[in-house]
Amino acid sequence: MENYPLYQIIDENGEWVNKSYEKELNEEKVKEFYYHMLRIRTYDQKGVALQRQGRIGTYVPFPGHEGAQVGSALALSENDWMFPTYRDHGASLTFGADLDRMFLHWNGRIEGCLPSREKRIMPASIPIATHLPHATGAAIAEVYKGTDNAAIAYFGDGATSEGDFHEGLNIASVFKAPVVFFNQNNGYAISLPIEKQMNSETIAQKAVAYGIPGVRVDGMDVFAVHYAVKEALERARKGEGPTLIEAVVIRFGAHTTADDPSKYRDQEEINRQKEAKDPLLRLKKHMQFRGFWSEEWVENIQSDIRTEIESAVVKMESAPTANTDDMFDHVFSEPTWTISRQKEQLGLMGGNR
Amino acid sequence: MENYPLYQIIDENGEWVNKSYEKELNEEKVKEFYYHMLRIRTYDQKGVALQRQGRIGTYVPFPGHEGAQVGSALALSENDWMFPTYRDHGASLTFGADLDRMFLHWNGRIEGCLPSREKRIMPASIPIATHLPHATGAAIAEVYKGTDNAAIAYFGDGATSEGDFHEGLNIASVFKAPVVFFNQNNGYAISLPIEKQMNSETIAQKAVAYGIPGVRVDGMDVFAVHYAVKEALERARKGEGPTLIEAVVIRFGAHTTADDPSKYRDQEEINRQKEAKDPLLRLKKHMQFRGFWSEEWVENIQSDIRTEIESAVVKMESAPTANTDDMFDHVFSEPTWTISRQKEQLGLMGGNR
Amino acid sequence: MVMSNEIIKTKAPSQSLTMIQAITDGLKTMLESDQNTIIMGEDVGRNGGVFRATDGLQETFGEKRVIDTPLSEAGFVGTAVGMALAGLKPVVEIQFLGFIYPAFEQIATHVTRMRMRTLGQYHIPMVIRAPYGAGVRSPEIHSESVEALFTHLPGIKVVCPSNAYDAKGLLLAAVEDPDPVLFLEPMRLYRGSRVDVPTGDYRVEIGKGTRVQEGNDVTIFAWGAMIPLVMKASEQMKKDGISCDVIDLRSLYPLDRDLIADSVQKTGRVVIVHEGHETGGLGSEIISIINDTSFLYLKAPVEKVTGFDVPVPLFSLENDYLPSTERVETAIRKAYTF
Amino acid sequence: MVMSNEIIKTKAPSQSLTMIQAITDGLKTMLESDQNTIIMGEDVGRNGGVFRATDGLQETFGEKRVIDTPLSEAGFVGTAVGMALAGLKPVVEIQFLGFIYPAFEQIATHVTRMRMRTLGQYHIPMVIRAPYGAGVRSPEIHSESVEALFTHLPGIKVVCPSNAYDAKGLLLAAVEDPDPVLFLEPMRLYRGSRVDVPTGDYRVEIGKGTRVQEGNDVTIFAWGAMIPLVMKASEQMKKDGISCDVIDLRSLYPLDRDLIADSVQKTGRVVIVHEGHETGGLGSEIISIINDTSFLYLKAPVEKVTGFDVPVPLFSLENDYLPSTERVETAIRKAYTF
Ligand SMILES: Cc1ncc(C[n+]2csc(CCOP(=O)(O)OP(=O)(O)O)c2C)c(N)n1
Ligand SMILES: Cc1ncc(C[n+]2csc(CCOP(=O)(O)OP(=O)(O)O)c2C)c(N)n1
Ligand SMILES: [Mg+2]
Ligand SMILES: [Mg+2]
């Protein structure tokens with residue numbers, strides 16, 4: 001632990017721990033962070049509500065992770081690559097994913113699988129840790145092409161136990177790939193607490209295995225996350241290779257809407273921690289003491305966000321029914337005879353409904 | 001590197017670096033080490049010769065690794081588990097594998113796949129790093145059963161890049177499994193030099209990722225290896241969990257008899273290093289200055305070893321032809337109808353020859 | 001109501017259980033009767049498994065026997081290999097069949113081979129349980145039906161129950177089997193219906209299918225979640241005067257060659273229904289067995305109703321991917337009228 | 001001498017090459033013509049590959065284009081996925097097919113699905129090359145013939161040449177293909193014989209088999225290393241007055257349905273030969289296609305000569321595992337005399 005102290009810029013009361021970035025963190029910039037955190041939290045609440053109403057499928061909430069997701073996503077450059085998991089739709093949205101696509105995705109629609117047709121945000125990786133090597137590969141390809149684009153891969157504490165975590169970091173370290181491995185350590189992989197996931201005290205220290213920098217940051221401090229990621233990206237673009245960042249967060253809610261956390265942890269205790277540590281609250285306190293806070297401003301952005309989200313929901317719900325052809329037409333650039341024949345046979349029966 | 005100094009007991013001239021074990025390393029014990037090293041080297045020379053003569057298939061030589069393999073194998077207790085790779089037949093033989101089985105194995109015979117019917121030496125693992133989790137599992141099972149048996153897994157520098165290395169060590173660390181992960185870092189995975197295999201300066205430092213001890217030892221110093229493994233085993237049996245040991249060695253020869261190392265390295269330079277660093281030579285020098293060396297003794301054991309090996313070769317070559325039934329009869333405890341039918345059909349045709 | 005022949009025969013004390021309850025009951029029976037059995041997997045302990053298959057078992061049997069593992073399929077299947085070598089009987093849960101791929105190397109190169117390469121000195125009495133199949137609106141990769149990947153690997157048996165009775169009986173048979181068994185659990189049937197399940201220990205023999213409906217015109221081969229679907233279609237067919245011989249294969253490796261031949265030689269017309277991809281699916285293997293055993297009996301080409309050669313799509317299209325009763329009925333008619 | 005139809009047709013300047021030389025030549029042609037192509041794998045650089053398939057290429061094209069990777073199949077196949085997303089065309093070498101298993105998850109969940117999940121916005125133009133098959137006295141796990149695992153995965157094509165001409169032509173077609181292709185290289189044929197191979201760029205179409213011998217009595221389907229064996233058996237059969245229509249399928253997914261039907265409808269008698277395990281092997285898939293296309297033409301049950309349902313044994317028994325000319329001849333006679 002001593003080797004990997006928790007890096008903070010503001011503490012739980014929103015007060016400065018480290019003033020190096022005070023100038024840069026001006027009103028506009030701070031408000032941008034808050035705006036995005038509020039936006040994705042509002043979106044998240046909508047997601048949970050839609051799931052409860054049976055209007056979408058299983059949903060993955062991320063409250064507690066907003067600082068980590070917004071802080072990291074806002075550190076990226078336009079053409080960087082983002083490789084998120086199922087829990088990182090907050091980061092995807094902040095980087096530029098389409099809201100309606102995200103909802104479509106939760107509604108089991110292939111159209112929603114790719115978060116954006118413009119930004120390089122890859123579909124959420126479902127098989128844990130498998131996308132880490134992808135980020136490595138995209139990063140190496142950017143060097144090959146001579147750009148200075150970088151890549152970021154998101155993953156959880158549980159993901160560090162998979163072989164692909166290890167292989168992705170090792171290859172990136174050997175080729176000095178411009179990639180940031182951004183871990184959100186929320187202390188749980190579904191029900192498994194981190195002490196049973198690993199014997200190491202921190203995730204950051206796993207960087208030693210690859211001879212790369214490991215950084216441990218308070219993931220509920222959006223500033224700390226932001227600058228840690230920014231500096232890692234700078235190192236990456238300078239050819240200094242990958243960085244492993246551990247952002248320590250708390251998952252306030254359930255693993256997914258299908259999960260019941262009271263089976264495996266004291267949810268009361270978590271709720272108490274939420275009161276004290278909520279990243280939005282912390283930023284609010286900070287804004288208050290710096291005089292950046294205005295109820296009116298918040299009400300305004302809140303109402304804009306609500307409108308934006310509602311219209312995305314409308315868009316999602318008014319989308320034409322899923323097209324069976326999509327299942328057949330995009331397996332290969334040209335369907336093989338097997339697929340054409342299967343499509344034809346299903347078509348002859350008027351489909352399956 | 002500074003954190004992981006190369007642990008030595010004797011230096012390249014056979015002189016003490018560390019005298020802590022001087023007493024224990026009495027004439028008898030030192031001669032035992034030399035005997036085993038000479039035995040496996042003689043066996044190895046026979047293996048290469050047999051392959052050249054077309055009397056066995058591809059063979060995997062290990063010269064340079066004798067100190068590491070003998071030092072580690074002699075640290076094990078009777079009922080410990082050994083999980084070797086294809087290059088660790090020296091360790092297997094030292095721990096108690098049958099010589100004729102080993103030759104049978106190189107001759108493509110299933111009968112030789114299991115090194116011993118008595119000692120718990122598992123078949124050499126061919127898919128790199130896959131046996132590390134097995135060692136973890138056997139070790140956990142021994143704890144479950146309440147014994148104080150431990151396990152050792154052998155693997156190379158290349159193996160550290162595979163996911164199974166990572167997963168095996170992580171699980172072992174979480175469950176404090178009594179297992180020693182014994183790496184022989186010979187600097188090459190076939191043609192790939194270690195600098196292209198990993199970005200970390202040492203393999204030992206990868207232990208940090210699992211919060212376990214990592215030890216870096218001169219693998220050509222049989223004493224250093226022996227005590228490093230012994231102490232790791234003691235920790236293991238005390239319930240203190242796994243240790244990662246990196247034994248630094250040089251692979252004097254080719255990767256296998258099918259490999260041509262001059263394609264990828266300066267073999268002249270390696271030959272020069274062999275002159276200076278050969279683990280047998282080093283031990284001989286040590287024995288000489290301690291007055292343990294006697295040409296007569298060496299000639300005696302050399303001749304015993306030759307006889308033993310020749311008779312194992314005779315046994316291998318006079319083994320009855322491979323039995324086709326073996327292919328069918330041991331897939332399941334009782335053959336399924338598919339296998340019975342296939343066996344019958346082949347039998348009806350008088351087999352395949 | 002679909003049920004196996006055995007259900008009718010049994011007279012033991014029983015209770016009415018869903019499939020998931022029967023699986024839990026089977027695991028409990030196992031843990032009670034053999035100290036060397038253990039359960040391992042992700043979230044199987046305190047959480048009781050994401051489907052609650054191991055609910056309460058860690059509380060009763062302790063952390064040494066019901067083991068939460070790190071998120072590491074290759075690692076814990078490999079660990080289970082080591083445990084099996086040392087004499088334990090691990091029952092490993094893969095959270096969804098689509099997450100078995102990281103363990104593929106361990107299965108293909110060790111789990112399935114240890115007996116052969118040691119000429120029987122060591123063997124791997126491991127059971128790998130995995131919820132599988134589409135139809136419950138799961139996310140991507142949670143709906144795979146890739147049993148055919150495993151029936152092609154020599155050295156592992158594959159079974160799949162279609163009801164609670166078979167689930168417990170096959171599970172206990174798998175645990176007893178000295179060799180590796182992949183135990184597939186159709187998620188769609190976990191809670192759908194209840195049947196009487198004996199409270200004690202009993203076995204459903206691996207390698208034997210069962211005739212769930214007697215008929216003379218067309219044979220239908222299916223298993224798992226396809227059985228209720230097929231039963232519905234065959235009910236429908238009765239109205240048209242077509243009587244179906246419905247076979248629940250249950251054991252996917254080895255397949256029940258005798259039962260396959262027996263039914264085909266009676267009807268001469270065959271429909272095979274499975275949700276795995278068509279090409280390389282088990283349907284082709286069954287056709288191959290029919291070719292071997294019943295060539296002269298066939299009156300029509302065998303019809304297959306299967307999943308398509310496409311990745312199982314996100315759930316809005318999963319019903320398009322899955323065999324439907326309409327597709328099954330069309331196939332039956334086609335076989336019947338050829 | 002076994003060769004494809006195309007060889008006879010071609011008039012381009014050519015050289016006489018072994019299969020391994022033709023593969024190297026194909027890779028060179030690729031690297032010369034497209035800057036976005038790269039080669040990755042274990043020992044492919046300085047060492048030129050354990051079979052010398054990439055010999056000299058790193059020297060010519062540099063370390064950025066011919067990349068030695070760490071020993072990490074999941075890692076480098078995954079890395080290649082990322083590269084492909086970013087517009088490169090990686091040709092990945094798996095040292096032996098038996099070592100593809102660690103990359104199975106990457107292949108099954110990403111390589112094969114990226115196009116579908118992004119509705120075509122991204123695609124993975126990756127070629128995975130792998131030496132495969134038994135018969136060269138390799139160690140354990142070096143002799144696998146598990147093509148059927150991949151023909152069952154939707155989203156990847158699988159090809160396998162039986163001669164140098166097809167090797168280069170199929171390889172270049174695979175590289176050109178915008179989708180993933182598994183390119184299987186029968187080790188046994190690497191250096192066995194030479195054929196004329198055009199020096200320039202040409203393609204052998206994926207999805208098309210080829211008739212390597214015209215005959216009327218019995219059809220033989222085979223590919224890869226089985227072709228020379230089958231040709232020997234069919235020569236033998238000529239003495240008994242049995243003429244064989246020998247089809248080299250070459251493309252294993254998709255199979256050449258038309259050619260299969262065409263030959264079966266001519267002969268009505270079929271023998272399928274492959275070295276993969278019988279159950280779930282491609283033989284059953286071919287039987288299924290025959291069932292679909294040619295039911296009324298069959299005069300005898302289809303005969304299969306395959307590897308057995310056992311792990312490929314250590315090399316002292318590999319010839320017992322492999323199909324032999326005797327087994328093929330027996331099967332031809334059986335089909336002929338039924
Ligand atoms: C290979 C694989 N195994 C299992 C799962 C099932 N699964 C989904 S999320 C999850 C836990 C992930 O934990 P962590 O990496 O900490 O991320 P978090 O969900 O906490 O964000 C598991 C086991 C999966 N998706 N992929
Ligand atoms: C999964 C897997 N991939 C590739 C190979 C082929 N192969 C055999 S040995 C070897 C190099 C191993 O290097 P290292 O781990 O350093 O051990 P060493 O041979 O040097 O003892 C490779 C790539 C294999 N056996 N298994
Ligand atoms: Mg987590
Ligand atoms: Mg090495």
Side-chain angles (χ1 to χ4, degrees), chain B residues 81 83 110-114 116-117 120 122-145 147 149 151 153 162-164 166-175 177 179 323 326-341, chain C residues 35-36 38 40 64-65 67-88 90 102-103 105-106 108-110 112-123 125 151 154-157 177-180 206-207 251 253-258 285 289 292:
Chain B
W81 290 84
F83 291 86
I110 314 184
E111 298 92 325
C113 212
L114 185 68
S116 167
R117 295 219 151 235
R120 290 153 156 186
M122 292 301 101
S125 183
I126 303 292
I128 301 293
T130 51
H131 55 304
L132 274 62
H134 304 174
T136 297
I140 295 174
E142 292 294 342
V143 175
Y144 184 89
K145 295 190 288 180
T147 76
N149 303 328
E162 291 278 9
D164 276 12
H166 175 68
E167 300 194 27
L169 266 72
N170 183 55
I171 294 181
S173 76
V174 167
F175 292 101
V179 51
N323 183 352
D326 284 345
M327 176 171 81
F328 295 110
D329 293 351
H330 301 283
V331 183
F332 296 105
S333 71
E334 301 282 338
T336 52
W337 66 260
T338 45
I339 295 173
S340 301
R341 204 166 146 263
Chain C
Q35 274 295 326
N36 282 330
I38 55 154
M40 294 171 70
K64 293 254 171 267
R65 299 198 59 205
I67 305 171
D68 275 320
T69 64
L71 215 177
S72 176
E73 289 82 4
F76 68 72
V77 170
T79 298
V81 168
M83 290 171 156
L85 289 171
L88 301 188
E105 182 182 30
Q106 285 290 343
T109 65
H110 291 293
T112 52
R113 289 183 202 236
M114 202 56 85
R115 183 185 284 278
M116 180 172 170
R117 62 212 298 250
T118 66
L119 290 176
Q121 173 121 349
Y122 291 91
H123 62 117
T151 54
I156 188 165
K157 297 177 184 172
D177 197 293
D179 292 306
I206 296 176
S251 176
Y253 190 91
L255 286 162
D256 190 339
R257 188 175 197 254
D258 296 338
E285 192 53 35
I289 292 177
D292 282 358

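Numbers restart at 1 for each chain; the letters A, B, ... are given by sequence-line order, proteins then strands.
Across C:K157, C:H110, C:E73, C:H123, the residue that shares the most heavy-atom pairs under 4.5 angstrom with chain B is C:H110. The candidate with the highest count of non-hydrogen atom pairs below 4.5 Å against chain B, out of C:P254, C:P102, C:G75, is C:G75. Options C:G82, C:P178, C:A80, C:P154 differ in how many heavy-atom pairs under 4.5 Å they form with chain B, and the most are formed by C:G82. Of all the listed residues (C:L119, C:L88, C:T69, C:D179), the one sharing the greatest number of non-hydrogen pairs under 4.5 Å with chain B is C:L119. Of the listed residues (B:S125, B:P127, B:A135), the greatest number of heavy-atom pairs within a distance under 4.5 Å of chain C belongs to B:P127. Residue with the most contacts toward chain C among B:D329, B:T136, B:T336: B:T336 (heavy-atom pairs, distance under 4.5 Å). In terms of non-hydrogen atom pairs under 4.5 Å with chain C, the most contact-rich of B:E142, B:M327, B:R120, B:R117 is B:R117. Contact count versus chain B (heavy atoms, under 4.5 Å) is highest, among C:M114, C:M83, C:R115, C:M116, for C:R115. With chain B as partner, the option from C:K64, C:R65, C:R117 having the largest number of non-hydrogen pairs under 4.5 angstrom is C:R117. Most heavy-atom pairs under 4.5 Å with chain C: of the set B:E334, B:E167, B:H330, this distinction falls to B:H330.
The contact between C:D292 and chain B is made entirely by side chain atoms (from C-beta outward), counting heavy-atom distances below 4.5 Å. In this structure, chain B has heavy atoms under 4.5 Å from both the backbone and the side chain of C:F76. Only the side chain of B:V174 comes within less than 4.5 Å of a heavy atom of chain C; its backbone N, CA, C and O stay farther away. The parts of C:T118 that come within reach of chain B are both its backbone and its side chain, each placing non-hydrogen atoms under 4.5 angstrom from that chain. With a 4.5 Å cut-off on non-hydrogen atoms, B:A124 touches chain C through its backbone but not through its side chain. Both the backbone and the side chain of C:Q121 come within contact range of chain B, with heavy atoms under 4.5 Å apart. For a residue to count as touching a neighbouring chain, one of its non-hydrogen atoms must lie under 4.5 Å from one of that chain's; by this rule B:F328 does not touch chain C. For B:I110, the parts lying under 4.5 angstrom from a heavy atom of chain C are both the backbone and the side chain. If you measure heavy-atom distances from B:Y144 to chain C, the contacts under 4.5 Å come from the side chain alone. Both the backbone and the side chain of C:L85 come within contact range of chain B, judged by heavy atoms closer than 4.5 Å. For chain B, the nearby part of C:I156 is the backbone; its heavy atoms alone come within less than 4.5 Å. For B:M122, the part sitting under 4.5 Å from any heavy atom of chain C is the side chain, from C-beta outward, and nothing else.
Interatomic distance, OG1 of C:T79 versus CD1 of B:I171, reported as 4.0 Å (0.5 Å rounding). Atom CG of residue B:L132 and atom CD of residue B:E162 lie 10.5 Å apart, to the nearest 0.5 angstrom.
Side chains of B:F83 and B:P133 form no contact here, defined as non-hydrogen atoms less than 4.5 Å apart. You'll find the side chain of C:L255 reaches within 4.5 Å of the side chain of C:E285, heavy atoms only.
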Take B:W337 and C:D258, measure what side chain to side chain contact (heavy atoms under 4.5 Å, CB included) needs, and give me the verdict at the end. CA-CA 10 Å; B:W337 66 260; C:D258 296 338; over 6 Å; no
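Without hydrogens or angle criteria, C:S251 side chain to C:I206 main chain gives no donor-acceptor distance under 3.5 Å.
B:N323 and B:E111 are not linked by any side-chain donor-acceptor pair at a separation below 3.5 angstrom, with hydrogens and angles left out of the test.
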